[in-house]
There are 2 protein chains.
Amino acid sequence: MSTTGLDRRSRRRQQTIDEILDVSVALMETEGVAALSLSAVARQLGMRPPSLYQYFPSKLAIYDALFQRGSAQIRDAQREARARAPQDQELERGMVAFSRWCMDNQVLTQLLFWRTVPGFTPSPEAFAPAEDMVNDLRSYLQQAVDKGRLHQDATSDEGIALFTSLTAGVLSQQMANEPQATYETGRYMKLMPTVLDMFYLHYRPTRGKEK
Amino acid sequence: MSTTGLDRRSRRRQQTIDEILDVSVALMETEGVAALSLSAVARQLGMRPPSLYQYFPSKLAIYDALFQRGSAQIRDAQREARARAPQDQELERGMVAFSRWCMDNQVLTQLLFWRTVPGFTPSPEAFAPAEDMVNDLRSYLQQAVDKGRLHQDATSDEGIALFTSLTAGVLSQQMANEPQATYETGRYMKLMPTVLDMFYLHYRPTRGKEK
DNA sequence: GTCTATAACGCGATAGAC
DNA sequence: GTCTATCGCGTTATAGAC
């Protein structure tokens, strides 16, 4: 039993796991997030439903794996966009990357931000990347504070809640009312830069006292 | 067969319909919106599942009736709050009434604003009150414009989209992250007045050009 | 050990006959 | 209003193939 044999086997196993997740997302796109059917997944893969249990202990475990995958992806999409961003545009570029990813991955977005699947709550491991996202946001807001572009209050819990509410609002309106649109064509998505401006205006550095 | 007999029968029928809807909401509260089970509804009412089909042709028809009920209720809640509001506070009071209703009726709110039930789309009749809501909003924004409290652009499609995005954002963050809270205690709900201020600031009448 | 299959249980939505 | 029946679901048990 060579080590390459073990590698090959576990590589093949990982490949199957990825296929299950991909097929699940595809089915949820057409049937609805809460309507995922393991039988349908198995059919697509040429398996019988019980075989799926070799890879996931339950249907909720598939949702959890998708949550983890999604939260890591959207965190990284923002990180990469910010890393490439010109000076002082990290917040905006991160927001654009966030929006674009959400529109391109609406099934995962529903899972991440709406939590409407009966009985499903993300495990701590699956949730960790989502916490990274908030911490990233806070540190970039702090940078803007340090440069005198935002009031200190912007990094408070209220500031974070306001920032995420503004983006979540545009996003949820877009997804509920025009789900077939893209980031570029969405009627609501056009408001993303607007609400960022509003945030900067609300937490402007020191033209009088805040609040 | 007297007419009062007919009345009594149809009144009894309407009563059963209302009971079915009430029980459905209660079950969705504990099990999840998409997990509504007709068998469970029937059990609660001391019926057999097929009997429900005397009142609703399908499970989706129950969702549709709930959508209609909900959209009419939330429209009326706002109308009553605005009718009681002091001069120039109609917008704010309507927004508060909206928020409070949503937190008190989260199941219906999910149905109305997230549309995550597989296969369900509201019928035109069920959707009509939701359209009233937007028209109401536009007319109160127009009043504020007429009084010089808002820029004319606030009543544009973009203005309406911005207003609804701001409120939907606070709401969706609250429901996703702290669903057990009330309007009074919610960490995000506290931002409702804030985002209204931001809207007024963004569409301030004429301190320089808009946008 | 690893993967897959078949059989079976209990539950659900729904159609039709009574 | 009911009972019966069909179908699909998630899941478990179990047994055979690689």
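The figures that follow rest on heavy atoms only: side chains count, while hydrogens, waters and symmetry mates do not.
- Between the CD1 atom of B:Ile20 and the C1' atom of C:dA13 there is a distance of 15 Å, given to the nearest Å.
- A:Asp18 and A:Gln14 share a side-chain donor-acceptor pair at under 3.5 Å.
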ring-ring contact (aromatic ring centres under 6.0 Å, His included) between B:Phe98 and B:Phe113, intermediate numbers included
CA-CA 12 Å; B:Phe98 172 88; B:Phe113 299 113; 5.7 Å; yes

Pull out every protein N or O sitting under 3.5 Å from an N or O of nucleotides 14-18 of chain D, one pair per line with the distance.
none

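- C:dC3 atom P lies 13 Å from atom CZ of A:Phe56, rounded to whole Å.
- Atom CD in A:Gln14 sits about 15 Å away from atom P in C:dT2, given to the nearest Å.
- Counted by atom type alone, A:Thr164 and B:Gln173 present one or more donor-acceptor pairs between their side chains at under 3.5 Å.
- Nearest nucleotide to the side chain of A:Tyr55, out of C:dC3, D:dG10, C:dT14: C:dC3.
- Here the closest non-hydrogen pair linking B:Pro118 and B:Ala34 is CD-CB, 4.3 Å.
- In this structure, CG of A:Leu36 is placed 11 Å from P of D:dC9, rounded to the nearest angstrom.
- At whole-Å resolution of the value, OH in A:Tyr53 and P in D:dC9 are 12 Å apart.
- Ranking D:dT2, C:dG12, C:dA15 by closeness to the B:Met47 side chain, first place goes to D:dT2.
- Across the protein-nucleic acid pair, A:Tyr63 atom OH and D:dG10 atom C1' stand 12 Å apart, rounded to whole Å.
- Remark: A:Arg13 is not in phosphate contact with C:dT2, judged by side-chain N or O atoms under 4.0 Å from OP1 or OP2.
- If you check every strand for non-hydrogen atoms under 4.0 Å, B:Arg48 touches sugar and phosphate atoms only.
- Summarising the geometry, the separation between CG on B:Leu27 and P on C:dA13 is reported as 11 Å, rounded to the nearest angstrom.
- Side-chain atoms of A:Lys59 come within 3.5 Å of backbone N or O of A:Leu36 as a donor-acceptor pair.
- Checking C:dA13, C:dT4, C:dA15 against every side-chain atom of B:Leu38, the shortest atom distance belongs to C:dA13.
- Using a 4.0 Å heavy-atom cutoff across all strands shown, B:Leu60 reaches no nucleic acid atom at all.
- Using a 3.5 Å distance cut-off with no hydrogens or angles, the side chains of B:Asp64 and B:Gln68 do not pair a donor with an acceptor.
- For A:Pro50, the listed nucleotide lying nearest its side chain is C:dT6; candidates were C:dC3, C:dT14, C:dT6.
- Between the side chain of A:Gln110 and the main chain of A:Val33, no donor-acceptor pair closer than 3.5 Å is present.
- Using a 4.0 Å heavy-atom distance criterion, A:Leu52 is classed as making no nucleic acid contact.
- Within the 4.0 Å cut-off from OP1 or OP2 of D:dC9, at least one side-chain nitrogen or oxygen of A:Ser39 is found.
- Distances were taken from every side-chain heavy atom of A:Arg43 (C-beta onward) to each of D:dT11, C:dT14, D:dC9; the shortest belongs to D:dC9.
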